[in-house]
Every structure is written in C-alpha cells, then in structure tokens.
Amino acid sequence: MWLEILLTSVLGFAIYWFISRDKEETLPLEDGWWGPGTRPTGREDESIHPFKVETSDEEIHDLHQRIDKFRFTPPLEDSCFHYGFNSNYLKKVISYWRNEFNWKKQVEILNRYPHFKTKIEGLDIHFIHVKPPQLPAGRTPKPLLMVHGWPGSFYEFYKIIPLLTDPKNHGLSDEHVFEVICPSIPGYGFSEASSKKGFNSVATARIFYKLMLRLGFQEFYIQGGDWGALICTNMAQLVPSHVKGLHLNMALVLSNFSTLTLLLGRRFGRFLGYTERDVELLYPVKEKVFYSLMRESGYMHIQCTKPDTVGSALNDSPVGLAAYILEKFSTWTNTEFRYLEDGGLERKFSLDDLLTNVMLYWTTATIVSSQRFYKENLGQGWMTQKHERMKVYVPTGFSAFPSELMHTPEKWVRFKYPKLISYSYMARGGHFAALRNQSCSPRTSASSCQCWSSSDHPTPPPASLHKCPPGFSLGRYPFSEE
C-alpha cells in the first residue's frame, strides 16, 4: 500500500513538473502596417536617409508668443510640489525658457551625433547611430540598441554615449567598445506616429528588430528603461536568438508570486529571498509602494483611458507641457523632492537639458501620440497580453536604482528573466538616471561594469547582488552617479 502511494506521488510530481516547467516560448513575429490608408502593394522602401534637426525664427517666435500669454495661478502656501508643479518655481523656469534658453544652440548639440530616418511598416523611424571614433587593433564594436521611455527621448543618452563608444578617451577601459543606436519610439519626437489603433510595445519591438537588421546587425545587445524596458523585453521574446544580451533599469514584473511575497516580506523576507536592501526599499509597504504609486500614477490612468483629451491642452500650451513633463523629472528622480518648492530639479539636471527634452515634444507636436502608447499597451488591463505572461530567456542584467518608482527585488526579476546574470544595487539615482548630471562620472565603478561580452556563455553564472560578475551588465557603468 505504501509503495503504491509512493509511486503515485512520484508519478503525480513528474506529471506536474512536466506540465508546469518553463517553456522557452517566443512571440510570433508577424507583420504590420501603421501608416495612413491601406498598405501599398509594392515592396517597402528600405533606404536609410540622413536627417538633421532644424528650427526657424518663426518656430521660436511662436513659442515665445505662447509663453508670454501664460496665465499664472498662485500656488497654495507651503504646498511645494505636493499639488504638482509649483507655479512659483514654474515662473522661474519659463523666464529662463523665454529669455535665456538658446534652442538654436541646443539644435547644434542634437546634431553632434548622426541622425537618420528609414521607413518601416509604413512609419518614418528616426534614430541616431554613433560609431566608435577609434578601435583597438583587431576589434569590432558591439552593437547596442538603447530605447527611451515617456516622458523622455533619445536625448537622455547623449551624455553617456561617449563612455560607450570612446571609453579610452574618457578614462575608462576599452576592453568593450560599443556602436550605439538610439531610436525614437514611433509617435515620439521625430519618429512618425501610427495612423491606426493598436500600435503597442510588441509592434515597436518588431520595428526596432527590423531596424537592426536593416543596419546589418544579425546579433546585438539591447538596453531599456520605462517603455524602453518593455520594448526591449518584447524584442527578447520575439527574437531571442538575435539578442546577445538584455540590460534593464526598470522591470514590469507582475505575478501572484511578487504580490504574495510583498505582503509577507517584512516578516519573512529572508526566507522569501529578500535582502536587507530590498526590505529597506520596499517597507513599510503602505508608504513606499501603495501610497507612492497612488501619488505618482494619476497621469497613467488618464493616458490609459483618454489620452487625447489632456493631450490637446498640452499640445497647445508650451508652459502646460513643460509643467506636465518636468513634474515627472522631479518626483520620479526622488519622491522626497515633493517637499521642495523647486522640486529639486536643478539638483540633478540642468534647465538646458530639461527644456531640450520638452522641446522635442513641443516642436514635433507629439505629446498626444506619445500618450496614446499608454492606452495601446495598458488600456485593456493588466496581464491581458501574451507577452506579460511569458518569461525571457536571454542573458539579462539589471540595475536597481534606489529612487525608481518602485523597487524590483532580484527574486522578482529572476522570475520573469530566468537567465539573469547580473543584478546591481545602485548607490543613487532614479527613473531618469542616464540624464542626470554626473559631476563625478562613472570612472570609479568602471572596473565592475565593463563585462558584457561573456553573456555569450551558454550557461550564465548566478547573478551577483553587488557587483557585475564576469558576464554581462551595463549596470554601474554609464548610469552610475557615484
């Protein structure tokens, strides 16, 4: 009798293991057409054309006229950034924008890197493509696709590109040199917006995959944060054999496991795989997770449901647009900045950088189309799309910034990304870590982060919690602010 019970139990366990084991699924690649009207019958033009950012006196004059007509509303006393962008500080920002900000100079800065456009699935796709100025003898650069999010842009990466393409001249080891491609998500900046409903992160991932193929890269590395993290994740789910390594500084990880462990982690954190640092960043959960997400996610509900309504107002008012975008650069960098009247913006960023990012939305009139990306991806609810339930089976590195909107423990990341080989706790930084002023630069941590190419290992080593292993990570290299 006991033998029968034992054999039945073993058989039951074997069946359960076989059914529930991880299956390395891939998303279907499919195809799409997002341009206006019906898809032409002929073959799509695959040529790549140089592009140059331009402006005009008329464009600047119109901006100044609109700024001059701004209607000021006094803030509540001692409200700081608790009610949103403090209008007293907003007056300082728009005064600088109107009287000192030099858009023509910033256009010259934007044009320091080569810009291009190419037509993919009916859309004009904009990207910058930066090659190393010099390479060690006998070496080839590693192609790296870097993808921004909202309300950011390709400009976020301008300060760190030289550290990747020309590390030796910036005091870093040239063991790994990258060739960097930074596209604009369709509907953002200079990339054409979809004319049709349904354009989501998977469609974007497919387009960026086609872009890399068009540039001649059969294998490549990818990095993303915010929407870029989801797009890069989808690329790894679509074409894992082409993605040599994935690096993220944000992860959209939703599962019953993470929810359950979050509720039990304060008391049983060690047994659930939490480190002391995880507990510090997540608890008390009511304040650091629930209240924090409630404070910072109101915009998301609007953009997931009716993005065009608020978008119409923002597209008509440069001051309103600046307030809406720059408020995110305040509290998404550090939630404690809501206690400051200036939102702490100039502690971490320059007004020139912040306003250049705003101008990329204003001059292209893309705030509405950028907000629609939320409805297309989240408008049907959580966990409704196949990719949300799929794991990712490419070598993965993750950088956990302490002031990100929500901390994601290694245990959670590994659940979604089983081939996680690097998990780094960053000393400082938040949602827009790449753009922050880096007075000290990342030289002090270069030795622990130029470790990418070994992601080719068929069996990656276990993730390190505090340093980059001899494997793969962008973490603590370009994004470190130590």
Side-chain angles (χ1 to χ4, degrees), residues 27 125-128 142-158 160-161 164 178-189 191 200-212 217 220-240 242-253 332 357 370 373-374 376-378 387-388 390-401 404-406 408 412-413 416-417 419-424 426 429-435 449 452 455 472-479:
L27 287 174
I125 303 301
H126 161 263
F127 61 99
I128 60 173
K142 296 174 171 62
L144 169 62
L145 180 80
M146 305 184 77
V147 186
H148 66 88
W150 187 93
S153 64
F154 66 91
Y155 181 65
E156 289 180 62
F157 304 120
Y158 263 50
I160 63 173
I161 287 174
L164 296 166
F178 296 92
E179 182 172 341
V180 177
I181 300 93
C182 299
S184 295
I185 298 172
Y188 289 68
S191 278
N200 60 14
S201 62
V202 176
T204 307
R206 184 177 63 242
I207 283 176
F208 287 173
Y209 164 62
K210 291 180 178 180
L211 171 64
M212 296 302 280
F217 303 117
F220 44 83
Y221 301 90
I222 52 180
Q223 143 69 31
D226 195 86
W227 281 129
L230 181 57
I231 292 166
C232 288
T233 292
N234 292 157
M235 289 181 73
Q237 292 168 326
L238 285 166
V239 287
H242 293 264
V243 178
K244 297 191 71 175
L246 165 68
H247 186 271
L248 307 172
N249 54 285
M250 185 178 182
L252 303 175
V253 180
W332 290 6
N357 184 70
S370 73
F373 207 60
Y374 282 80
E376 303 296 9
N377 284 289
L378 303 174
H387 69 83
E388 295 175 297
M390 287 175 55
K391 297 187 178 185
V392 179
Y393 293 95
V394 302
T396 302
F398 188 84
S399 292
F401 287 92
E404 184 54 271
L405 288 168
M406 181 175 174
T408 310
W412 297 7
V413 178
K416 176 79 172 181
Y417 304 87
K419 292 190 176 181
L420 180 72
I421 61 174
S422 172
Y423 182 99
S424 300
M426 310 308 293
H431 195 70
F432 304 100
L435 185 63
C449 55
W452 176 295
S455 63
F472 155 89
S473 180
L474 265 182
R476 305 180 74 173
Y477 177 30
F479 300 118

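Since the structure is predicted, the reported quantities are computational estimates derived from the model, not experimental observations.
Among residues two or more places apart in sequence or in another chain, the ring-ring contact (aromatic ring centres under 6.0 Å, His included) test is passed with His126 by Phe51, His115, Phe154, Phe190. Qualifying side chain to side chain contact (heavy atoms under 4.5 Å, CB included) partners for Ser370, counting only residues two or more places apart in sequence or in other chains: Trp150, Tyr188, Tyr361, Ile367. Among residues two or more places apart in sequence or in another chain, the ring-ring contact (aromatic ring centres under 6.0 Å, His included) test is passed with His242 by Tyr209.
Rounding to the nearest 0.5 Å gives a distance of 9.5 Å between CD of Gln223 and SG of Cys182. To the nearest 0.5 angstrom, Ser201 atom OG is 8.5 Å from Gln237 atom CD. Interatomic distance, CG of Asn234 versus CG of Asn377, reported as 8.0 Å (0.5 Å rounding). A distance of 14.0 Å separates OH in Tyr393 from CG in Leu246, rounded to the nearest 0.5 Å. Between Glu156 atom CD and Ile161 atom CD1 the span is 11.0 Å, to the nearest 0.5 Å. Distance check: His431 NE2 to Met250 CE gives 5.0 Å after rounding to the nearest 0.5 Å.
The backbone N or O of Gly397 sits nowhere less than 3.5 Å from a side-chain atom of Ser422 that would complete a donor-acceptor pair. Looking only at distances, a side-chain donor or acceptor of Lys416 sits under 3.5 Å from a matching main-chain atom of Met390. Counting only distance, with no hydrogens or angles, the side chain of His148 and the backbone of Ile185 share a donor-acceptor pair below 3.5 Å.
With contacts defined as side-chain heavy-atom distances shorter than 4.5 Å, the pair Pro183/Ile207 does not qualify. You'll find the side chain of Val394 stays beyond 4.5 Å of the side chain of Ile222, heavy atoms only. When side chains are defined from C-beta on, Ile181 counts as touching Phe217, because their heavy atoms get closer than 4.5 Å. Side-chain contact between Phe220 and Val243 is present, with heavy atoms from C-beta onward closer than 4.5 Å. A 4.5 Å side-chain heavy-atom check between Arg206 and Leu238 finds at least one atom pair inside the cut-off. A heavy-atom distance below 4.5 Å is not found between the side chains of Met426 and Asn249. Within the 4.5 Å cutoff, the side chain of Thr233 has heavy atoms near those of the Tyr417 side chain. Taking the side chain as every heavy atom from C-beta outward, Thr204 and Pro186 approach each other to under 4.5 Å.
Nearest approach of Tyr423 to Thr408, heavy atoms of both residues: OH-O, 2.6 Å. In terms of heavy-atom proximity, Asp226 sits nearest to Gly149 at OD2-CA, 3.4 Å. Residues Phe208 and Leu145 share a closest heavy-atom pair of CB-CD2, 4.1 Å.
Between the side chains of Asn357 and Ser153, at least one donor N or O sits under 3.5 Å from an acceptor N or O.
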Met146 vs Leu164, test: side-chain contact (heavy atoms from CB on, under 4.5 Å). Steps then yes/no. CA-CA 11 Å; Met146 305 184 77; Leu164 296 166; 3.8 Å; yes

